[in-house]
Participant: 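Please read through the structure below; I'll follow up with questions.
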Amino acid sequence: MARDLLLEVGAEEIPASFIGPALEDLKRVITERMADARLKHGEVRTFGTPRRLAVWVKDVADAGEDIVKEVLGPSAKAAFDAQGKPTKAAEKFAEGLKLTVDQLGRATTPKGEYVSARVEEKGRPAADILKDALHTAVHGINFRKSMRWGDVDTSFARPVQWLVALLGSDVLPVVFGDVTSGRATRGHRFLAPGAIELKAPADYEAALEQAHVVADIAKRRAQLVEKVKAAAAKAGARLLEDESLVDQVTNLVELPSPVVGTFEERHLDLPPEVLVQEMKSHQRYFSLVDSAGKLQPKFIAVSNTPVRDEQLSLRGYQRVLRARLADGRFFFDEDRKTPLIDRVEKLGRVVWQGQLGSYLEKVERFRTLALWLAQQTGRAGDAATIERGATLAKADLVTGMVGEFPELQGVMGREYARAGGEPDAVALAIAEHYLPRGAEDALPTQDAGALIGIADRLDSLCGIFAIGKAPSGAADPFALRRACIAIIRLVLGRGYRFSLSAAVDEALRLLAPKIANAKRKAGEPAPREQVLEFFRGRLKALWGEQHRTDVVEAVLSAGFDDLVAAQKRLEALSAIVGRADFLPLAVAFKRVVNIVEKQGRDVQGGETNPQKLVDAPEKHLHSAFTQARSTVSGLVRADDFTGALREITGLKPAVDTFFDKVMVMAEDKALRENRIRLLVEIGALFNQVADFSKIQAETAAAA
C-alpha cells in the first residue's frame, strides 16, 4: 500500500536567499535516489519558512520495482573448452549468481560472444531506500555559507533544532549532528512555540496553519501580497511593485503581518531611487506611491507576528529608517560638493580587473569603442554626448552613495551630472548605459546610453575571454552571460546594423596592450573565435525559446554577423517551415547541400560555364538560378527575406527535374565539375538566408 513521505529540517532562522536553493537540493537528491532504486511515487511538494525546510512526497510505493537484468560473464571462449565443456570460469560465474551452468546463456556483443545470465533483482523496501536517501539529502544541501555549533561536527546554514521523517505513520531514523528524527514539528516561534505531534504527513500543512505558520511558500507569498496591497490602499496609496523584495520578505516570515509607517517629507527631495533603496536594502520595507507613481512619505514593514501595540512597533521601524535616511542625505550632500568630472581621475586607483587594469583604463577603451559604434551605426551625430557620457559613466563609483549602495551606480551618476550642470542627454546616457540590468528590464531610451552600454559590455567580454577567464559551467563571476544577452537585446531592440565580428576586432585592438602577454591553453581558440562562439550560444538559447531549434541552427549556420538581419532571416524561415508544402522543399534543398558538402571541396572555384551545360534540365536550372540570384540579392539587400525565400522556393521544380534527369556524377570530369559548380552556386544562394541542411525534414512534416 502506498504511503506518503515527509522530511522536515527545523533550524534557527535560515537566510531568506538560502531557502529556495536548499529546497531544490533536498527535492533533487530525494527524487534521484528514489528513481535509482526504482521506487515509484506521486506528487512532490516543498515547504519552506525561515525555520524549516520540508519535502512531502505523495503515494510512495512499498518497495522498489523488481527487475530482471542480463549479466555478462567471461567470454564464451574462456567459459567453454574446445569440446564445449564448462571451464572453471563458467562454473565460478554461475556459482556467484547462485545458478547452475545449464542456466547460463550467451550474448553477442561488439567485442564478441560472452556468457550471460538473466538475474532477478528484487526491489528494496521503501523504508530502507528512504532512510539512506533522507540522510544523504539532509547532509548534502549546498549552502553558500554554513556554520558549526557546539560539539557538532557537521555544518548547516544555521543550527538544526529538530527533524521530522515520516513514512506514513512510521518514523524513519535520520540523524543530523546531535538531532534524531521524530514526528514532532514546531509552530510559530512566539504564537505556538510548543511541539506538534504529527500522525502522518497528510497532517503537516494544516497542523502548521493552526500553529500560525504558512509553510507553503507560494501560499504565503500570495497572502503577503494581498495584505501589503490592502494596507497600502488603506493608507491612500499603492504599492511600488518589486517582485524581488516580495520574494525576499516571503522567506523572512512565517506569518506575514504588515504595518504602515511614515518618514519625514523633507527627504522627498532626495532622488526617489535613494529612498527606495534605503528602505529596501537595509530594512526590507515596501515603498508606496500615489496614483501618478510619485513616491509618498510612507512605507510598509512586514512583521513575523501580529502587532499588539502598532504605534510602539511603528516607532521602532521609523526610528531605524530615520537614521538610514539621514545617512543617505549626508552622502548625497557631500557627493555633490565634488563635480563628477573631477572624480574621473580617481578611477585610475580603482581596479576593474587585475590583468585588464583600472576603471579609468576601461573607460578610455569603451569610450573609443562607443564612438566607433556610433560611426558604424550612423549615429555619429551623437558623438559629443557619447564621448562625454562615456567619460563620466563610471565616475559615481567613487562616490559615498554608491559605496554604500552599489545598486545605485548609474542612477547617482545621472543625479550628480545634473547637479554639476551637465546636459540632460549626458546625464541620461550615464544612467542608461547600465540598461538592461536583467531579462525583464527596459532598454535605454536614447542611442548614447545604448551604444556606451554595448561598448562597456563588449570590452568586458573580450577582455575576460582574452585572459582565459571565460565562464565555465555555472561559474560566471564577471556576469558575461548576462552582458552578452544585454548586448543582443540592445542591438535588436534599437535596430543597430553593424558587423559583430568587426566590433569584436575593434574591442580586442583596444585591449591589445593589456592582453598581449596573456597565456592561453594549447589548442584553445583565439579570443575572437571564443567571443563570437559565445554570442552564438546565447543567440541559440534566446531564439530557441520561441523558434524551432533546427531552424535557429540553420539561420546561425548561415551567419549572424548582422544580428538584425539574422533575426529577420529567422522570422522569415520560421514562417515558411511550418507550411504543409515545406517538406518536399526541404528534401530538395538538403539534396543540393549534401552533394555540395561531399563533392564541392574537390571542385575549383569559379562560376558555372553555361557553354558546358549539355542537357536541357541543367540549362533550364541554370537559367532559373541566374534570374533568381539577381532577384534574391536585391531582396536580401532590402531585408525582404520572406520575398527572398519565395524566390528560392520557386527553384524547386527546376531542381527536382535536374536531379531526376541529369547524372551529376558524370564520367566526364569537366562535365561533372561544371554540374557540381552549379549546385555550389545554388547552395550559396540558399545560404544567404539559412543553411537548409540543418532543417529536420521529419520535423517539418510533423509541423
Participant: Hey, are Arg336 and Asp333 close enough for a salt bridge, meaning a charged N less than 4.0 Å from a carboxylate O?
Facilitator: yes

Participant: With side chain to side chain contact (heavy atoms under 4.5 Å, CB included) as the criterion, how do Val246 and Phe286 come out once you've worked through the C-alpha distance, each side chain's angles and the decisive distance to 0.1 Å?
Facilitator: CA-CA 9 Å; Val246 170; Phe286 290 92; 3.7 Å; yes

Participant: Can Lys27 and Glu24 be said to form a salt bridge (charged side-chain N to carboxylate O under 4.0 Å, His left out), step by step?
Facilitator: CA-CA 5 Å; Lys27 178 180 177 180; Glu24 285 300 316; 5.4 Å; no

Participant: Answer with yes or no whether the side chains of Ser17 and Arg144 bring together a donor and an acceptor at under 3.5 Å.
Facilitator: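 Short answer, yes.
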
Participant: Is the closest basic N to carboxylate O distance between Arg189 and Glu12 below 4.0 Å?
Facilitator: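 Salt bridge between Arg189 and Glu12, a charged N being under 4.0 Å from a carboxylate O: yes.
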
Participant: Are Glu8 and Arg52 within salt-bridge range, i.e. N to O under 4.0 Å?
Facilitator: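 A salt bridge links Glu8 with Arg52.
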
Participant: Do Ser287 and Leu295 touch side chain to side chain, with heavy atoms closer than 4.5 Å?
Facilitator: yes

Participant: Which distance, rounded to the nearest 0.5 Å, do you find between the CG of Leu510 and the CG of Leu369?
Facilitator: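 Going from CG on Leu510 over to CG on Leu369, the span is 6.0 Å.
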
Participant: Taking atom CD as the centre, does Gln161 end up with more than 12 heavy-atom neighbours from other residues, nucleotides or ligands that are less than 6.0 angstrom away?
Facilitator: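 More than 12 within 6.0 Å, yes.
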
Participant: Aromatic rings Phe299 and Tyr285: how do their planes relate, parallel, tilted or perpendicular, breaks at 30° and 60°?
Facilitator: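 The rings of Phe299 and Tyr285 lie parallel, inter-plane angle below 30°.
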
Participant: To the nearest 0.5 Å, how far apart are CD in Glu361 and CG in Asp459?
Facilitator: 10.5 Å

Participant: Are any of the side-chain nitrogens in Arg482 or Asp441 under 4.0 Å away from the carboxylate oxygens of its partner?
Facilitator: no

Participant: Quick one about Gln283 and Tyr317 (side-chain donor to acceptor, distance below 3.5 Å, no hydrogens or angles considered), yes or no?
Facilitator: no

Participant: Verify the neighbour count for atom CD of Glu334: are there more than 12 heavy atoms of other residues, nucleotides or ligands below 6.0 Å?
Facilitator: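 Counting other residues, nucleotides and ligands, CD of Glu334 exceeds 12 neighbours.
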
Participant: Between Thr377 and Leu451, is there a side-chain heavy-atom distance shorter than 4.5 Å?
Facilitator: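 Result yes, sub-4.5 Å side-chain heavy-atom pair found.
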
Participant: Should we count NZ of Lys227 as having more than 12 external heavy atoms under 6.0 Å?
Facilitator: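 Above 12, so yes.
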
Participant: Should Glu209 and Arg220 be marked as a salt bridge (charged side-chain N to carboxylate O under 4.0 Å, His left out) after you check the CA-CA gap, both sets of side-chain angles, and the distance that decides it?
Facilitator: CA-CA 11 Å; Glu209 287 193 5; Arg220 191 167 68 253; over 6 Å; no

Participant: For the residue pair Phe478 and Trp352, does the interplanar ring angle fall in the parallel (under 30°), tilted (30 to 60°) or perpendicular (over 60°) class?
Facilitator: perpendicular

Participant: Does His547 use its side chain to pair, donor to acceptor, with the backbone of Gly544 at less than 3.5 Å?
Facilitator: no

Participant: Looking only at heavy atoms, what is the nearest atom pair of Arg489 and Gly438, with distance?
Facilitator: NH1-O, 3.0 Å

Participant: Among Glu264, Arg266, Glu265, which residue satisfies the side-chain contact (heavy atoms from CB on, under 4.5 Å) criterion with Pro297?
Facilitator: Glu265

Participant: Any side-chain heavy atom of His188 sitting closer than 4.5 Å to one from Asn304?
Facilitator: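 His188 vs Asn304: side chains touch.
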
Participant: Any chance you could measure Ile19, atom CD1, to Phe143, atom CZ, to the nearest 0.5 Å?
Facilitator: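 Reported to 0.5 Å precision, the distance equals 9.5 Å.
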
Participant: Do Tyr416 and Asp335 have a side chain donor and acceptor closer than 3.5 Å?
Facilitator: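 Checked: Tyr416/Asp335 side chains pair up, N/O donor to acceptor below 3.5 Å.
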
Participant: With a 3.5 Å distance limit and no angle check, can you tell me whether Glu432 reaches the backbone of Thr445 through a side-chain donor-acceptor pair?
Facilitator: yes

Participant: Contact between Val160 and Val9 at the side-chain level, heavy atoms closer than 4.5 Å - yes or no?
Facilitator: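 The answer is yes, as the side chains (C-beta and beyond) meet within the 4.5 Å cut-off.
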
Participant: Output yes when a side-chain donor or acceptor of Asp382 lies under 3.5 Å from a complementary backbone atom of Ile386, and no otherwise.
Facilitator: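 No: the side chain of Asp382 does not pair with the backbone of Ile386.
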
Participant: Walk me through whether Val531 and Leu508 qualify under side chain to side chain contact (heavy atoms under 4.5 Å, CB included).
Facilitator: CA-CA 10 Å; Val531 172; Leu508 290 169; 5.8 Å; no

Participant: Indicate yes or no for a side-chain donor-acceptor contact from Arg367 to the backbone of Gly389 under 3.5 Å, with no hydrogens or angles considered.
Facilitator: no

Participant: Hey, what do you get for CG (Leu314) to OG (Ser303), rounding to the nearest 0.5 Å?
Facilitator: 10.5 Å

Participant: Is it the case that the side chain of Arg158 and the backbone of Ala11 share a donor-acceptor pair, with hydrogens and angles ignored and the cut-off at 3.5 Å?
Facilitator: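 No.
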
Participant: Can you find a heavy atom in the side chain of Glu13 that is under 4.5 Å from one in the side chain of Arg51?
Facilitator: yes

Participant: Do side-chain atoms of Glu387 reach the backbone of Ala384 as a donor and acceptor pair under 3.5 angstrom?
Facilitator: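 Checked: no pair found.
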
Participant: Heavy atoms only: give me the nearest Lys298-Phe263 pair and the separation to one decimal.
Facilitator: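 Smallest heavy-atom distance, with atoms named: N-CE2, 3.5 Å.
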
Participant: Is the backbone N or O of Asp505 less than 3.5 Å from a side-chain atom of Arg509, with the two atoms forming a donor-acceptor pair by type?
Facilitator: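 Looks like no, no N/O pair under 3.5 Å.
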
Participant: Please determine whether a side-chain nitrogen of the Lys or Arg among Glu571 and Lys568 lies less than 4.0 Å from a carboxylate oxygen of the Asp or Glu.
Facilitator: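 So Glu571 does not pair with Lys568 through a salt bridge.
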
Participant: Does any donor atom in the side chain of Ser499 or Gln376 lie under 3.5 Å from an acceptor atom in the other side chain?
Facilitator: no

Participant: Any chance you could measure Glu278, atom CD, to His267, atom NE2, to the nearest 0.5 Å?
Facilitator: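 Rounded to the nearest 0.5 Å, the CD-NE2 separation comes out at 9.5 Å.
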
Participant: Where do Ile430 and Leu340 land on the side chain to side chain contact (heavy atoms under 4.5 Å, CB included) test, with the steps shown first?
Facilitator: CA-CA 11 Å; Ile430 294 170; Leu340 207 56; 4.0 Å; yes

Participant: Indicate yes or no: at least one non-hydrogen side-chain atom of Val363 is less than 4.5 angstrom from one of Ser358.
Facilitator: no

Participant: For Arg329, is there an ion pair with Asp269 - N to carboxylate O distance below 4.0 angstrom?
Facilitator: yes

Participant: Can you tell me if Arg238 and Ser291 form a side-chain donor-acceptor pair at under 3.5 Å?
Facilitator: no

Participant: How close do Trp543 and Ala566 get, heavy atom to heavy atom, and via which atoms?
Facilitator: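 Scanning both residues, the minimum pair turns out to be CH2-CB, 3.8 Å.
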
Participant: Side-chain contact, heavy-atom cut-off 4.5 Å: Asp447 with Thr385?
Facilitator: no

Participant: Under 3.5 Å, side chain of Gln355 to main-chain N/O of Ile467, donor-acceptor pair present?
Facilitator: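 Absent.
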
Participant: Determine whether a donor-acceptor pair (N or O, by modelled atom type, separation under 3.5 Å) exists between the side chain of Asp25 and the backbone of Asn142.
Facilitator: yes

Participant: If I compare all heavy atoms of Ala455 with all of Ala370, which pair ends up nearest, and what's the gap?
Facilitator: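 It is CB-N, 3.6 Å.
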
Participant: Looking at every non-hydrogen atom in both residues, tell me the closest pair between Asp476 and Leu480 and how far apart they are.
Facilitator: OD1-N, 2.9 Å

Participant: Short question: side chain of Arg221, backbone of Thr250 - any donor-acceptor pair under 3.5 Å?
Facilitator: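 No; zero donor-acceptor contacts below 3.5 Å.
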
Participant: In Å and rounded to the nearest 0.5 Å, what is the CG to OG1 distance from Leu208 to Thr49?
Facilitator: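 OG1 of Thr49 is found 8.0 Å from CG of Leu208.
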
Participant: For residues Ala507 and Cys462, report the shortest heavy-atom separation together with the two atoms involved.
Facilitator: CB-SG, 3.8 Å

Participant: Looking at Lys362 and Asp456, is there a salt bridge between them, counting it only when a charged N and a carboxylate O are closer than 4.0 Å?
Facilitator: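 Salt bridge present between Asp456 and Lys362.
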
Participant: Does any non-hydrogen side-chain atom of Asp216 lie less than 4.5 Å from one of Arg45?
Facilitator: yes

Participant: Carefully, step by step, assess Glu407 and Lys280 under the rule side chain to side chain contact (heavy atoms under 4.5 Å, CB included).
Facilitator: CA-CA 11 Å; Glu407 301 89 346; Lys280 173 181 177 177; over 6 Å; no

Participant: Ring centres under 6.0 Å, that's the criterion: do Phe535 and Phe560 meet it?
Facilitator: no

